[in-house]
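Structure first, then comments.
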There are 2 protein chains.
Amino acid sequence: MLWYNDNQSHLYIHMKKEEKVLREHLARNNLRLTRQRETILDAFLSIESHVSAEELYRETVKKDPAIGLATIYRTINLLCRCGLAQERDFGDGETRYEHLYNHKHHDHLICTSCGNIAEFENTDIEKLQAKVAKNHGFETHSHRLELYGICETCKQ
Amino acid sequence: MLWYNDNQSHLYIHMKKEEKVLREHLARNNLRLTRQRETILDAFLSIESHVSAEELYRETVKKDPAIGLATIYRTINLLCRCGLAQERDFGDGETRYEHLYNHKHHDHLICTSCGNIAEFENTDIEKLQAKVAKNHGFETHSHRLELYGICETCKQ
DNA sequence: GTGGATGCAAACGATTTGCAAGCAT
DNA sequence: ATGCTTGCAAATCGTTTGCATCCAC
């Protein structure tokens, strides 16, 4: 879905919602929509999991071998700034990025054996967190909850 | 409390529990109790908060200016291995270490304005976490829960 | 045409490691 | 005496940055 040479593209016909979000952020900040940025966004959206910059690089290079790793870093940070991606650090030395747009908040179950990351959400825990914060006069704007252990598959 | 030149030290008289834990770990693994390791342990225990390697280094150097940063890293990892310290990564690029021995499990409220880190514990949340894990057939061996936001002091 | 974006290589900061010399056992 | 530890400097790894060139607007 590359529309950048299409004169009709300003009509946003058949355009992914994420692409629209990116275009609007770029326009608002006087930034350019480049071939690389479209390619990286497509690659990012095609991976429905928690990607490292290196993994995103390997995926992007399949579509455009000339792309540089620095551009991946610059662009994934851009995607974070416009609310399409979110940084997640699971403490293994590599920053990971996950989809944020149109995805509801969730927490993670991380298998320390196979590295698999499962997601869950639990509103009761969220409520208790809000209560804890309130008791401390603390104004929460984000949180992270991760359970580390052995997943069902690895236990067998 | 430096006992390394004291012939009576093997009697463990007046010795901190943490020092005993360290000595036993060293003996078990055929490792040596050096002047540097004692100094670093003392410095670590003297700081009742979440220390980075750099901060621990600055504190240790006050007592022994000849100590190297590499030794700090090697020793704090040793303290983690014997259960006296625990790594904590708050996502600001620096690994932090906190006391583990004789400290009950707790989670963190992190102020993104002043950087202050408060601790809390909540058994109801822990119970819900256990329930989530059970539903996924997941065997948890550790977890992390952090709330990021603005602390009471900074709100004013 | 202008100013933002790219690719490359060099710079960076936290952490680790190789090595010769030192020291606990 | 043996071999674990140290300090130092160099290496590593993920990430960022400077710069000349390129390209979207």
Side-chain angles (χ1 to χ4, degrees), chain A residues 2-7 9-10 22-41 51-58 60-61 63-82 85 87-97, chain B residues 2-7 9-10 22-41 51-58 60-61 63-82 85 87-97:
Chain A
L2 299 176
W3 291 98
Y4 55 94
N5 275 333
D6 181 338
N7 291 328
S9 63
H10 65 281
L22 175 58
R23 280 176 185 267
E24 287 170 355
H25 174 87
L26 295 174
R28 232 181 352 261
N29 294 279
N30 192 31
L31 304 173
R32 313 276 152 86
L33 181 59
T34 61
R35 179 176 40 84
Q36 290 90 334
R37 283 176 176 169
E38 289 237 38
T39 308
I40 294 169
L41 174 62
V51 215
S52 67
E54 191 63 38
E55 286 162 358
L56 183 55
Y57 176 60
R58 284 199 297 271
T60 308
V61 157
K63 305 179 184 182
D64 179 354
I67 238 159
L69 181 54
T71 302
I72 300 290
Y73 277 104
R74 285 187 278 234
T75 304
I76 191 69
N77 286 330
L78 171 68
L79 297 184
C80 288
R81 259 175 269 129
C82 67
E87 271 190 53
R88 284 279 186 174
D89 173 13
F90 297 125
D92 66 340
E94 268 183 306
T95 302
R96 300 186 172 278
Y97 303 88
Chain B
L2 299 176
W3 291 96
Y4 53 95
N5 276 333
D6 181 336
N7 292 327
S9 63
H10 66 282
L22 175 58
R23 280 178 184 266
E24 287 171 353
H25 175 86
L26 295 174
R28 236 183 346 264
N29 294 278
N30 192 31
L31 303 174
R32 312 275 152 87
L33 181 58
T34 62
R35 179 176 39 84
Q36 289 90 333
R37 284 176 176 167
E38 287 237 41
T39 308
I40 294 169
L41 175 60
V51 215
S52 66
E54 192 63 39
E55 286 162 357
L56 183 55
Y57 175 60
R58 284 199 297 273
T60 308
V61 156
K63 305 180 187 184
D64 179 355
I67 237 159
L69 181 55
T71 302
I72 301 288
Y73 277 104
R74 285 187 279 233
T75 303
I76 190 71
N77 285 331
L78 171 67
L79 296 183
C80 288
R81 260 175 268 127
C82 67
E87 272 190 52
R88 284 280 185 172
D89 174 12
F90 296 125
D92 66 339
E94 268 184 304
T95 302
R96 300 187 171 277
Y97 302 88

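All values below were derived from every heavy atom in this structure, side-chain atoms included, with hydrogens, water molecules and symmetry-related copies excluded. Every chain is numbered from 1, with letters handed out A, B, ... down the list of sequences.
- Between the CZ atom of B:R37 and the C1' atom of D:dT5 there is a distance of 6 Å, given to the nearest Å.
- Tested against B:L41 for a side chain to side chain contact (heavy atoms under 4.5 Å, CB included), the candidates B:L33, B:L22, B:T60 yield a single pass: B:L22.
- In this structure the side chain of A:R96 reaches within 4.5 angstrom of the side chain of A:F90, judged on heavy atoms.
- The distance between atom CD of B:E94 and atom P of C:dT16, rounded to the nearest whole Å, is 13 Å.
- Put simply, the side chain of A:R37 gets close to the backbone of A:R32: a donor and an acceptor are under 3.5 Å apart.
- Regarding contacts with the backbone of C:dG7, a side-chain N or O of A:Q36 is found under 4.0 angstrom from either OP1 or OP2.
- Side-chain contact check for B:L78 versus B:H25: some heavy-atom pair is nearer than 4.5 Å.
- Remark: C1' of C:dT6 and CD of A:E38 are 16 Å apart, rounded to the nearest angstrom.
- Straight-line distance from the CG atom of A:N77 to the C1' atom of D:dT16: 9 Å, rounded to whole Å.
- If you measure from atom CG of A:L41 to atom P of C:dA5, you get 15 Å, rounded to the nearest angstrom.
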Could you go over nucleotides 21-23 of chain D and give all protein N or O partners under 3.5 Å, atom names and distances?
none

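- Following rounding to the nearest Å, B:E54 (CD) and C:dT16 (C1') show an atom-to-atom distance of 15 Å.
- When the P atom of C:dG4 is taken as reference, atom CG of A:L22 falls 17 Å away, rounded to whole Å.
- For the segment residues 64-74 of chain A, the set of residues with a heavy atom within less than 4.0 Å of an atom of DNA chain C comprises A:A66, A:I67, A:G68, A:A70, A:T71, A:R74, in numerical order.
- Between B:Q36 and B:I72 the shortest side-chain heavy-atom distance does not fall below 4.5 Å.
- Taking atom CD of B:E87 as the reference point, atom P of C:dA14 lies 15 Å away to the nearest angstrom.
- In this structure, the side chains of A:T95 and A:R88 stay at 4.5 Å or more apart for every pair of heavy atoms.
- Atom CD in B:E87 sits 12.0 Å away from atom CG in B:L79 (nearest 0.5 Å).
- No donor-acceptor pair closer than 3.5 Å links the side chain of A:T71 to the backbone N or O of A:I67.
- Contact annotation for B:D89: no contact, since no heavy-atom pair falls under 4.0 Å across all strands.
- Using a 4.0 Å cut-off, some side-chain N or O of A:T95 falls inside it from OP1 or OP2 of D:dT15.
- Here A:S52 lies out of heavy-atom contact (under 4.0 Å) with every strand.
- Distance check, rounded to the nearest 0.5 Å: NZ of A:K63 to CD of A:E38 gives 11.0 Å.
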